[in-house]
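Below you'll find the structure, written out as structure tokens, and then a few comments.
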Amino acid sequence: MDIRKKITFNYVALSTFSTSLLCIIVFFLFRENNRYHFLKRLDDRSKIVASIHFQKDPEKIKYYKNLQKNGLEELIEEEEYVLKINSHNSFDYNTNLNLPNTFYTNILSTGKDSYEKDNKYYLGQIFQENGQRYIVIVGARDRKGKDTTVYIVKIMLFGGIGFVILAFLLGRFLAKRVINPVARITKEVKRISASNLHNRLPEVKNSDEISDLTNTFNNMLDRLETSFEIQANFINNASHELKTPITTIIAEAEIMLLKERAVEEYVESLENIYSQASRLGNLTESLLKLTQTGYDGQKQVSDVARIDELLLDVKSDLDKIYPDNRVSIIINIAPKDSNLLLLPCNKPLLELAINNIITNGVKYSDNNEVFVNLSANDEMIKITINDIGIGIPPEDIPHLYEPFFRGKIATKYIGYGLGLPLASKIIRMHEGELQVQSEQNKGTIVTIIFKKRNIKKSNV
């Protein structure tokens, strides 16, 4: 049984139970109300019977007889009895009355009692005249009460059946209304495949379980897309990002092999090769970890680094590739607050991401000035990279993080369209935000923000 049918069935079952309970309560209250009013009528009759019995004046007797006949509603199978009480526990018994002894006992002890048998009611009460006590008993059949009870039972029966049918229709409507958002999510999910992992479910503004489900699924798609893209493009990323250290190692080896050199030159060259090989090893290991663990934020993040030192390391590496670069690093924080710059991270990967962004600034500004501003406080760490380059056309900005995408004006520069997408994935892996503002032919401002509250919630 699917969820829609379960919701409908449960709604009908609960509605039927609650309606049945209500009908039972109404039935008993209605029946008790009928009984109360009929006994009230019998009480009025008993008073008239007592008055007729006690009056010695023929005119008054005639008046009461006429009132009983014409002034009051006729009772069906009406019976009237006046029994003289001889002592506190004896009275003149009438053999026409077939009533239980408890009925008489209750009347003698309490002064009044009623009894019902086969929908016929008897009301007995004590009256006193000139020091003599009498039991006046009036009996009648409540046919009207029975008819109205049967009538209301029919109403509740057919009304209950109608309500169950209505509950079924409302239950189906409710189930459809409840399940439709889930069905819509299922339909959207079926459209998402390996070829369009960038698609996301439409956001639901209501703060409910469906909204939480949508956000959770979109977050899962973020992680899956990151993992899938990095794994799918690993070879391209590796060839792009590992090219520089490999080229440096090959160049150093070729230069050293051209002719014999002094020991100091060999040592210096080997140290450079060792440095680049170590960087290559760390980078390879980090990329391998990224492809293996995807976006879970656990195995990738294992270091605690100072962002200012990391930027200086990036600048040092950049100086080897672009010796005449004009990158300026500005640190807007007092030395005593240096602990604010500490960030749990995967240092090689984060260094790689920032290196890619700064390198883009240098490359696409034709080695013009690039300013890197670093600031930090108790709430966040902020890195702003500002270049005066070719900028990005507005139509290209939505595609910046697509692997291999390159804008029209960027095609004249050597590149593969992988640097910024990879940087975006790495920064997002560190719970950071990457914001790009650009104007064509005026430059680009890239802002990286690491919020402390997100870092505390992440799995670092």
Side-chain angles (χ1 to χ4, degrees), residues 16-55 57 59-85 91-129 132-164:
T16 302
F17 173 76
S18 58
T19 304
S20 301
L21 185 62
L22 178 62
C23 288
I24 291 172
I25 294 173
V26 169
F27 171 77
F28 281 105
L29 290 176
F30 182 81
R31 185 179 175 186
E32 190 62 27
N33 184 67
N34 275 349
R35 181 177 180 275
Y36 169 79
H37 284 286
F38 190 74
L39 290 175
K40 191 74 173 59
R41 292 173 62 193
L42 292 181
D43 183 68
D44 294 336
R45 292 298 179 104
S46 66
K47 292 176 182 177
I48 293 175
V49 171
S51 298
I52 293 173
H53 178 77
F54 296 146
Q55 294 294 330
D57 188 347
E59 290 298 326
K60 290 185 177 180
I61 293 174
K62 184 179 178 181
Y63 168 77
Y64 282 120
K65 285 283 186 181
N66 186 56
L67 175 65
Q68 184 180 21
K69 182 178 180 180
N70 301 316
L72 299 176
E73 184 179 353
E74 182 183 3
L75 294 176
I76 300 170
E77 299 180 17
E78 183 177 0
E79 300 177 30
E80 301 170 356
Y81 303 94
V82 179
L83 308 178
K84 181 181 178 182
I85 300 175
F91 56 91
D92 293 342
Y93 184 73
N94 192 319
T95 56
N96 292 328
L97 287 170
N98 186 20
L99 300 173
N101 290 331
T102 54
F103 174 68
Y104 298 106
T105 303
N106 290 336
I107 293 175
L108 291 173
S109 60
T110 62
K112 190 176 184 179
D113 195 22
S114 61
Y115 175 72
E116 178 188 0
K117 181 181 180 182
D118 297 330
N119 205 45
K120 188 170 184 178
Y121 291 87
Y122 292 89
L123 177 69
Q125 55 184 323
I126 295 176
F127 290 92
Q128 185 171 342
E129 178 71 16
Q132 178 62 50
R133 296 196 305 162
Y134 299 87
I135 298 177
V136 176
I137 299 176
V138 178
R141 188 173 298 280
D142 186 16
R143 185 176 297 173
K144 183 178 180 181
K146 181 180 179 180
D147 292 342
T148 55
T149 301
V150 172
Y151 179 70
I152 197 167
V153 167
K154 289 181 180 178
I155 291 177
M156 288 190 293
L157 178 62
F158 290 107
I161 294 173
F163 183 79
V164 169

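Numbers here are sequence positions counted from 1.
Paired with Tyr122 under the rule side-chain contact (heavy atoms from CB on, under 4.5 Å), one option of Leu99, Asp113, Leu39 passes, and it is Leu99. In summary, of the residues considered (Asp43, Ile107, Thr110), a side-chain contact (heavy atoms from CB on, under 4.5 Å) with Gln125 occurs for Asp43 alone. The only member of Lys120, Arg141, Arg45 that meets salt bridge (Lys or Arg N to Asp or Glu O under 4.0 Å) when paired with Glu78 is Arg45.
Between the CG atom of Asn106 and the CG atom of Asn101 there is a distance of 11.0 Å, given to the nearest 0.5 Å. Considering CD1 of Ile126 and OG of Ser46, their distance stands at 12.0 Å, rounded to 0.5 Å. Residue Tyr81 holds its OH atom at 6.0 Å from CG of Asn94, rounded to the nearest 0.5 Å. Within the model, atoms CD of Glu79 and CD1 of Ile137 stand 10.0 Å from one another, a figure rounded to the nearest 0.5 Å.
Phe163 is linked by a ring pair (Phe, Tyr, Trp, His ring centres under 6.0 Å) to nothing, counting only residues two or more places apart in sequence or in another chain. Here Lys40 pairs with Asp44 under the salt bridge (charged side-chain N to carboxylate O under 4.0 Å, His left out) rule; sequence neighbours left out.
Within the 4.5 Å cutoff, the side chain of Lys117 has heavy atoms near those of the Asn98 side chain. Leu97 places a side-chain heavy atom less than 4.5 Å from the side chain of Leu83. Side-chain contact between Thr19 and Val164 is absent, with no heavy-atom pair separated by less than 4.5 Å. At least one side-chain heavy atom of Leu108 sits less than 4.5 Å from a side-chain heavy atom of Ile85.
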Atom pairs and distances, donor-acceptor, side-chain atoms in residues 20-37, under 3.5 Å, two or more places apart:
unit_1	atom_1	unit_2	atom_2	d
Ser20	OG	Thr16	O	2.7
Asn33	OD1	His37	NE2	3.3
Asn34	ND2	Thr148	OG1	3.2
Arg35	NH2	Ser114	OG	3.2

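Between Tyr115 and Phe103, the ring planes are tilted. Angles from 30° to 60° get that label.
There is no side-chain donor-acceptor pair under 3.5 Å between Tyr134 and Gln132.
Atom OH of Tyr151 has 12 or fewer heavy atoms from other residues, nucleotides or ligands within 6.0 Å.
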